[in-house]
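The structure appears below as structure tokens.
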Amino acid sequence: MHGVNLDMLGRRDPAHYGKLTLIELERQIVGFARELELEVHCFQTNSESEFIEHLHGITGSADGLLLNPGAWTHYAWSIHDALEIAALPAVEVHLSSVDSREEWRRVSVVRDLCIATVSGQGVEGYREALVRLSKALDG
Ligand code: DQA
């Protein structure tokens, strides 16, 4: 699940986010998933309420979640609560190294609900996140 402004990849600062567009990133994610024999469904919205509604509806249709909520990560407690309701194993992913940027990016309101956080590894971070999720699902 990609959150706010992730649809602008390709137009955002490549030093932090690389050069791929969201469609290209999703293509890579689907490829990583295939290697791990996982099936992924990608979702992006700039609407916090749509993101929350998606979390409300996800239980029963997915085994786990990869989540890059974008800037919502740092303040959207409504997303924290919706993730808690979803009650699925989740991995937090960030393209950039959120812990070595501005102070406000070091706060994550979803981290306590996630089995792992992967940041600062760009697109490869999504492979790592899928590996972490897959291991957790295998028990
Ligand atoms: C991001 C990091 C956030 O701080 C930022 O607001 C984003 C993208 C990342 O993938 O590095 O929009 O989640």
Side-chain angles (χ1 to χ4, degrees):
M1 288 180 65
H2 311 284
V4 63
N5 291 319
L6 272 303
D7 59 329
M8 290 290 108
L9 290 175
R11 287 173 57 188
R12 300 187 69 179
D13 184 350
H16 289 304
Y17 304 115
K19 291 185 179 160
L20 292 193
T21 63
L22 180 63
I23 287 173
E24 290 162 344
L25 170 64
E26 289 186 345
R27 229 175 262 143
Q28 296 268 345
I29 294 170
V30 169
F32 297 153
R34 210 170 280 146
E35 286 168 22
L36 293 163
E37 299 182 355
L38 298 172
E39 187 184 325
V40 287
H41 295 272
C42 299
F43 173 82
Q44 190 278 330
T45 181
N46 290 320
S47 154
E48 187 177 331
S49 66
E50 277 180 21
F51 201 85
I52 288 165
E53 300 283 358
H54 197 75
L55 282 170
H56 289 174
I58 211 153
T59 318
S61 60
D63 298 318
L65 289 169
L66 292 198
L67 211 71
N68 181 350
W72 290 327
T73 307
H74 314 300
Y75 65 88
W77 290 102
S78 51
I79 289 175
H80 169 278
D81 287 354
L83 185 58
E84 191 169 40
I85 293 162
L88 289 173
V91 178
E92 176 188 5
V93 197
H94 300 284
L95 290 158
S96 67
S97 180
V98 281
D99 290 328
S100 47
R101 298 178 63 193
E102 300 93 325
E103 192 72 38
W104 58 269
R105 289 187 206 270
R106 293 186 194 160
V107 175
S108 166
V109 299
V110 294
R111 198 156 299 175
D112 66 315
L113 295 172
C114 292
I115 56 168
T117 296
V118 180
S119 73
Q121 295 185 39
V123 176
E124 278 298 312
Y126 286 82
R127 186 204 297 274
E128 169 69 17
L130 282 170
V131 168
R132 300 292 289 268
L133 190 59
S134 166
K135 282 189 182 151
L137 293 174
D138 284 347

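Keep in mind that this is a model prediction, so the values were computed, not measured. Order of appearance sets the numbers: ligands from 1, and atoms from 1 within every ligand.
Considering only heavy atoms from C-beta on, Y126 stays 4.5 Å or farther from V118 through its side chain. Residues I29 and H2 have side chains in contact (heavy-atom distance under 4.5 Å, counting atoms from C-beta outward). A 4.5 Å side-chain heavy-atom check between V123 and E24 finds every atom pair outside the cut-off. Residues E35 and R127 meet the side-chain proximity criterion, which asks for heavy atoms closer than 4.5 Å.
In this structure, the protein non-hydrogen atom closest to atom 8 (C) of ligand 1 is Y17 CE2, 3.5 Å. Among protein heavy atoms, atom 11 (O) of ligand 1 sits closest to S96 OG, 2.6 Å. Here the protein heavy atom with the shortest distance to atom 9 (C) of ligand 1 is L95 N, 3.4 Å. The nearest heavy-atom contact from the protein to atom 5 (C) of ligand 1 is R105 NH1, 3.2 Å.
Close N/O approach between L6 and ligand 1 is not found [any backbone or side-chain N/O within under 3.5 Å]. By the 3.5 Å distance cut-off applied to N or O atoms, W104 is not counted among the residues near ligand 1. Below 3.5 Å of separation, one finds no N or O of T73 facing any N or O of ligand 1. At a 3.5 angstrom cut-off on N or O pairs, R101 does not count as close to ligand 1.
At least one heavy atom of N68 sits closer than 4.0 Å to an atom of ligand 1. Contact annotation: N5 has no heavy atom less than 4.0 Å from any atom of ligand 1. Not close to ligand 1: H16, with no non-hydrogen atom less than 4.0 angstrom away.
Looking only at distances, a side-chain donor or acceptor of N46 sits under 3.5 Å from a matching main-chain atom of N5. Judged purely by atom type and a 3.5 angstrom limit, S96 has no side-chain atom pairing as donor or acceptor with the backbone of Y17.
With respect to K135, the side-chain contact (heavy atoms from CB on, under 4.5 Å) criterion is satisfied by exactly one of D138, V131, L133: V131.
Close contacts of ligand 1 with H74, meaning ligand atoms under 4.0 Å from a residue heavy atom, involve 3 (C), 4 (O). Residue R12 has at least one heavy-atom neighbour below 4.0 Å for each of these atoms of ligand 1: 7 (C), 12 (O). Ligand-side atoms of ligand 1 in range of V98: 2 (C), 4 (O), range being under 4.0 angstrom from any heavy atom.
Ring-plane geometry between F43 and H54 is classed as parallel, the angle between the planes falling under 30 degrees on a 0 to 90 degree scale with a further cut at 60.
Of the N and O atoms on the side chains of E48 and S78, at least one donor lies less than 3.5 Å from an acceptor on the other residue.
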Apply side chain to side chain donor-acceptor pair (under 3.5 Å) to the pair S108 and E92, showing each step before the final yes or no.
-> CA-CA 9 Å; S108 166; E92 176 188 5; 3.0 Å; yes

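Both the backbone and the side chain of H94 come within 4.0 Å of ligand 1, judged by heavy-atom distances.
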